[in-house]
There are 2 protein chains.
Amino acid sequence: MLPPEPGRVPRTEEELLTRVRMLAGYTIGQLAERLGRKVPEETRRAKGFFGQLLEPVLGATASSRSTPDFERLGVEMKTVPMSKVGVPLESTYVCTVGGAGLETRGDLDWGTSRVRHKLCRVLWVPIQGDPTIPLADRRIGAAVLWTPDENEEQLLRRDFDELMEYVRLGRWQELTGHLGAVLQVRPKGDSGGAQAWGVDDEGRRAKIPARGFYLRPAFTGGAIRNALNRSRQTPSA
Amino acid sequence: MLPPEPGRVPRTEEELLTRVRMLAGYTIGQLAERLGRKVPEETRRAKGFFGQLLEPVLGATASSRSTPDFERLGVEMKTVPMSKVGVPLESTYVCTVGGAGLETRGDLDWGTSRVRHKLCRVLWVPIQGDPTIPLADRRIGAAVLWTPDENEEQLLRRDFDELMEYVRLGRWQELTGHLGAVLQVRPKGDSGGAQAWGVDDEGRRAKIPARGFYLRPAFTGGAIRNALNRSRQTPSA
DNA sequence: CTGGATCCAACTCTGGATCCAG
DNA sequence: CTGGATCCAGAGTTGGATCCAG
């Protein structure tokens with residue numbers, strides 16, 4: 001049976017984990033067929049395909065805006081393309097970088113930031129990412145649930161505070177992908193053009209290029225390994 | 001020739017008027033055919049059809065957001081469905097009603113409001129509105145350019161100030177279509193459901209039903225007549 | 001008659017991410 | 001390798017208005 005009870009919202013983390021682990025070993029093509037969906041030929045033209053395929057299967061509140069994928073559980077799902085040797089090939093998108101004003105003031109402080117909320121409980125779902133494997137033939141890996149430990153949270157917070165200092169000062173131009181040891185800020189959206197509201201260096205509202213927070217691949221890789229190790233010691237988490 | 005130089009942006013009001021007047025007497029069906037577009041069978045299913053058909057013909061900066069239809073000229077185009085006896089059958093939509101907070105503060109004062117900006121120069125395009133005439137057979141009338149005279153502006157402003165007082169106080173529930181002698185506020189959008197951001201009576205941001213400003217039919221009718229009379233006295237405007 | 005309800009097209013915005021030149 | 005550029009789906013919003021029950 002693949003997948004079990006499709007579309008039903010999982011009530012507990014264990015139910016969610018059980019369900020996603022039943023998918024391990026299957027290919028994207030098999031999962032898509034089960035759902036009556038066609039796999040795009042070019043990965044380049046369907047970058048979010050696997051993530052969007054998985055959401056309804058696992059019972060995520062599909063495409064709800066700005067809420068965790070599994071709202072009741074407070075769990076965020078992230079698919080991670082892995083290389084042949086088991087390390088993430090890409091950075092992981094977290095959320096957009098808000099402006100310094102108005103509705104998004106809470107985003108400047110780590111404690112109330114969307115970054116922290118998004119990352120407080122994550123379901124990592126590894127997927128083969130080797131570009132030589134056709135999309136339909138890539139296999140799903142063993143998912144793990146993760147919460148940052150003290151060390152991980154400190155790493156994230158340190159970068160976050162540094163990055164937000166640029167936002168506070170309106171120094172958007174200096175806020176590049178080079179900053180941050182584990183968390184970085186990069187452009188988001190399909191043109192690099194003006195797409196988001198921000199605050200310029202004189203405090204006025206202005207259109208600026210949309211940007212997002214991303215986890216560097218090494219951090220995501222470590223998070224997945226740590227989650228695996230911890231689950232071996234505490235089988236039910 | 002129908003229409004002249006389709007798609008080109010008019011450089012002067014005279015050029016715009018000349019162009020739109022060449023359409024007078026033609027039917028919607030003839031205009032649509034000239035553009036290779038099909039006329040919907042049901043008016044009910046294509047409420048904005050004529051207005052959207054006309055925009056590219058006249059060289060409006062199509063569907064640009066929140067700017068005048070003819071940006072360079074500062075001219076707003078409005079189609080008006082007329083009865084057999086030559087009076088407007090429907091109210092005329094002006095713009096949305098903004099909330100009382102943040103980005104839209106300027107909307108509370110007549111001088112800086114979007115209502116005033118939208119109405120400071122309008123190209124009225126009459127169209128037969130009699131529901132017994134099939135959409136494709138309805139004829140285009142003689143368009144006129146209009147600017148509110150002192151009396152008209154005072155009428156508008158009086159209503160506007162009254163209506164905005166309700167917004168300032170967050171008394172949205174009392175802001176109904178019954179208010180306003182020539183300018184009213186009515187629901188906008190396709191469900192009456194929560195669709196816009198506003199400010200509730202305790203000053204918090206909240207979702208409220210989307211609303212818009214509308215000109216009552218009698219006012220629009222008078223505006224068109226006045227514009228006609230004035231253009232007889234001053235032929236070039 | 002008319003105030004509340006409704007309809008479509010097009011563009012924007014968000015959430016899902018991967019591509020690829022240097 | 002990796003930082004900047006880019007791609008898709010689907011919800012949301014705006015601008016174009018008219019419908020229609022009471």
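Excluded from the calculations below are hydrogen atoms, water molecules and symmetry mates; all remaining heavy atoms, backbone and side chain alike, are included.
Here the nucleotide nearest the side chain of Pro81(A), chosen from dG15(D), dT18(C), dG4(C), is dT18(C). Candidate nucleotides dG16(C), dG3(C), dA17(D) were compared by shortest atom distance to the side chain of Glu55(A), and dG16(C) ranks first. Of all nucleotides listed (dA17(C), dC8(C), dC7(D)), dC8(C) comes nearest to the side chain of Arg45(B). Nearest nucleotide to the side chain of Arg186(B), out of dT2(C), dG4(C), dA17(C): dG4(C). Picking from dC19(D), dT13(D), dG16(C) the nucleotide with the shortest atom distance to the side chain of Lys207(B) gives dT13(D). Proximity note for Tyr93(B) (side chain, C-beta onward) versus dA17(D), dG16(C), dC7(D): the nearest is dA17(D). Of all nucleotides listed (dG15(C), dG4(D), dG16(D)), dG4(D) comes nearest to the side chain of Pro187(A).
Put simply, the side chain of Val115(A) reaches to within 4.5 Å of the side chain of Leu119(A), judged on heavy atoms.
Note: Phe219(B) and Trp146(B) have perpendicular aromatic rings, judged against thresholds of 30 and 60 degrees for the angle between ring planes.
Regarding Arg44(B), its CZ atom lies at a distance of 14 Å from the C1' atom of dA21(D), rounded to whole Å. One atom, CD of Gln52(A), and another, P of dT18(C), lie 11 Å apart when rounded to the nearest Å. With rounding to whole Å, Asp190(B) atom CG is found 11 Å from dG12(D) atom C1'. Rounded to whole angstrom, the span from the NZ atom of Lys118(A) across to the P atom of dG16(C) amounts to 5 Å. Atom P of nucleotide dG4(D) and atom CD of Glu174(A) are separated by 13 Å, given to the nearest angstrom. In this structure, Arg37(A) places its CZ atom 15 Å from P of dC8(D), rounding to the nearest Å. Leu89(B) places its CG atom 15 Å from the P atom of dG3(C), with the value rounded to the nearest Å. For the pair Lys188(B) NZ and dC8(C) C1', the computed distance is 10 Å after rounding to whole Å.
Between Lys47(A) and Ser91(B), the one whose closest nucleotide on DNA chain D sits nearer the 5' end is Lys47(A). Residue whose closest nucleotide on DNA chain C sits further toward the 5' end, between Lys78(A) and Glu90(B): Glu90(B). When the nearest nucleotides of DNA chain D are assigned to Ala46(A) and Pro217(A) by heavy-atom distance, the more 5′-ward of the two goes with Pro217(A).
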Check your understanding: Stepwise, does the side-chain hydrogen bond (donor to acceptor under 3.5 Å, both in side chains) test hold for Arg114(B) with Thr96(B)?
Key -> CA-CA 9 Å; Arg114(B) 281 174 299 155; Thr96(B) 55; 3.1 Å; yes
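Heavy atoms of Gly177(A) sit under 4.0 angstrom from primed sugar atoms or phosphate atoms, though from no base atom. Residue contacts for Glu42(B): at a heavy-atom cut-off of 4.0 Å it reaches no nucleic acid atom on any strand shown. Residue contacts shown for Gly51(A) are limited to sugar-phosphate atoms, with no base heavy atom under 4.0 Å away. When heavy atoms are screened at a 4.0 angstrom cut-off, Tyr214(A) is found touching base atoms of the nucleic acid.
One finds a side-chain N or O of Thr79(B) lying less than 4.0 angstrom from the OP1 or OP2 phosphate oxygen of dA17(D). For the pair Arg216(A) and dG3(D), the criterion of a side-chain N or O lying under 4.0 Å from OP1 or OP2 is met.
Using a distance-only test at 3.5 Å, with no hydrogens or angles considered, a donor-acceptor pair links the side chain of Lys78(B) to the main chain of Tyr93(B). Remark: side-chain polar atoms of Gln184(B) are paired, donor with acceptor, to backbone N or O of Gly177(B) under 3.5 angstrom.
Pairing for dA5(D) goes to dT18(C), judged as Watson-Crick or G-U wobble with the two contacts each under 3.5 Å.
Ring pair Phe213(A)/Phe160(A): centre-to-centre distance below 6.0 Å.
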